[in-house]
2 protein chains.
Amino acid sequence: MPLIIDNLSKHITLTPQEQELFLSKTEIRQYKAKTILLNAGEVCKTSYFVNSGVLRSFNINDNIVEHVLSFACTGWWISDMYSLLSQKPENLFIQVLEDAEVVLLSKENQEMLYQEIPKLERFFRILTENSLVAHQERLMDNLSLTAEERFEKFCNKHHDLIQKVPQKQIASYLGVTPEFFSKMKSKMLRK
Amino acid sequence: MPLIIDNLSKHITLTPQEQELFLSKTEIRQYKAKTILLNAGEVCKTSYFVNSGVLRSFNINDNIVEHVLSFACTGWWISDMYSLLSQKPENLFIQVLEDAEVVLLSKENQEMLYQEIPKLERFFRILTENSLVAHQERLMDNLSLTAEERFEKFCNKHHDLIQKVPQKQIASYLGVTPEFFSKMKSKMLRK
DNA sequence: ATAATTTCTTAATCTACATTAAGTGCCTTT
DNA sequence: AAAGGCACTTAATGTAGATTAAGAAATTAT
């Protein structure tokens, strides 16, 4: 069974015909590491579901500093929600970090599927709810924890990622410079 | 027409009977400033919609420092999403900042309404999507902007709140101490 | 009105993290 | 195998914002 159907079944139950219909509206693609799937300034027209590999979303501010908004590995959805919903351009990039197989669902097809399989409203509501909760927690963590504490939490939650992505990306996700992250890490190891 | 029905109609269209049913599952209450609607450690069983006044959600970390997660004034929803969804206790408070009239929707009734008016799945999906986008932006702002820049953005977006809530709460929302906020503000005025 | 609390301000000192810069090791390309 | 580019480290110096403390102003309670 395709991973994405398995993912849907975590929150809703689809008939075989509905599964068929859903899959017919998606597209599978392979990408090499470093491929840019969405460029800053473009309007986002697609949601991405990761079958294998790792993606990230990030922006670049005036100072030419990158900030990682999120990572996505096997079984995770990723997109530029702001641009996807508003259909306006945003300063977000989506990029492949490790060679990946990705399922593409266009906004157009997603809306079409909402009409034909209203249960999907429920699925994406729950998916978005969970994402919101995670973002709220990360926000509060950024306000109240030190970089070290945030890193420890990250390790517990995303153990798999630590091996896979360059540590400067993790530093950026945590909101510190790669130099400080390196220092902090060696300090933590010494304990 | 009740404000909350007006709010629903921003994303979905309800028949008069559906409106009736929806309202019958809610409850209106008046609260005095400082009332605590949800205490840290409790399981959240209700979503709150503000008819008038101002509420806030916040947590308190080990150091006895408060951090404001969100404000809600007229026309806004507020709840403890983590606890409401998981039905586990969280360390979040919900409190009235300015005398308020609030519409209460219990989780139980909300689930019941999803069954009877599936369109509501759509409404809360969109509501949650918008909230997620706002949280993502705030996260990135916290990573890449100075406190001063964040305050300017806050002023543009929530002009109404600045008059209504004590400035130490705004400092907490922005992620700085009241002392630093005070200093920053007077520095900005001098320009 | 007066007392009591809470909020806001000012100022000195401190610290987590940023910036700059130089150097090391490891891939990748030719 | 050399050369170039990245990712990572180390270290000196700089700064945004925290902490502490004390007084002034504004609310709230009596």
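Per chain, numbering begins at 1; letters A, B, ... match sequence-line order. These numbers come from the heavy atoms of this one structure, side chains and all, not from hydrogens, waters or symmetry mates.
- Applying the 4.0 Å criterion to OP1 and OP2 of D:dT9, one finds that A:Lys185 has a side-chain N or O inside that range.
- If you take CZ of B:Phe181 and C1' of C:dT9, they are 13 Å apart, rounded to a whole angstrom.
- Distance, A:His67 NE2 to C:dC17 C1': 13 Å, rounded to whole Å.
- Both tests pass for B:Arg138 against the ring of B:Tyr173: distance under 6.0 Å to the centre and angle within 45° of the axis.
- The aromatic rings of A:Phe58 and A:Phe93 lie parallel to each other, with less than 30° between the two planes, well short of the 60° mark.
- A cation-pi arrangement is present between A:Arg125 and B:Tyr114 under the rule of less than 6.0 angstrom and at most 45 degrees off the ring axis.
- At whole-Å resolution of the value, CG in A:Leu145 and P in C:dC17 are 10 Å apart.
- Candidate nucleotides C:dC8, D:dT9, C:dC17 were compared by shortest atom distance to the side chain of A:Ala147, and C:dC17 ranks first.
- Neither OP1 nor OP2 of C:dT7 sits under 4.0 Å from any side-chain N or O of B:Gln169.
- Going from atom CG of B:Leu143 over to atom P of D:dA16 covers 18 Å, rounded to whole Å.
- For an aromatic pair to be called close, the ring centres must be under 6.0 Å apart, and A:Trp76 with A:Tyr48 fails this.
- Counting to the nearest Å, the C1' atom of C:dT6 and the CG atom of B:Leu97 are 14 Å from each other.
- No side-chain donor-acceptor contact under 3.5 Å links B:Gln95 and B:Lys34.
- B:Lys187 comes within 4.0 angstrom of no nucleic acid atom, judged by non-hydrogen atoms across all strands.
- Residue B:Asn142 contributes atom CG, which lies 20 Å from atom P of C:dA16 at whole-angstrom precision.
- We find that NZ of B:Lys168 is positioned 15 Å from P of D:dA18, with the value rounded to whole Å.
- Counting to the nearest Å, the P atom of D:dT13 and the NZ atom of A:Lys183 are 13 Å from each other.
- Put simply, A:Arg150 has no side-chain N or O that comes within less than 4.0 Å of OP1 or OP2 on C:dA16.
- Here B:Glu179 lies in heavy-atom contact (under 4.0 Å) with a base.
- At least one side-chain nitrogen or oxygen of A:Thr177 sits closer than 4.0 Å to the OP1 or OP2 atom of C:dA18.
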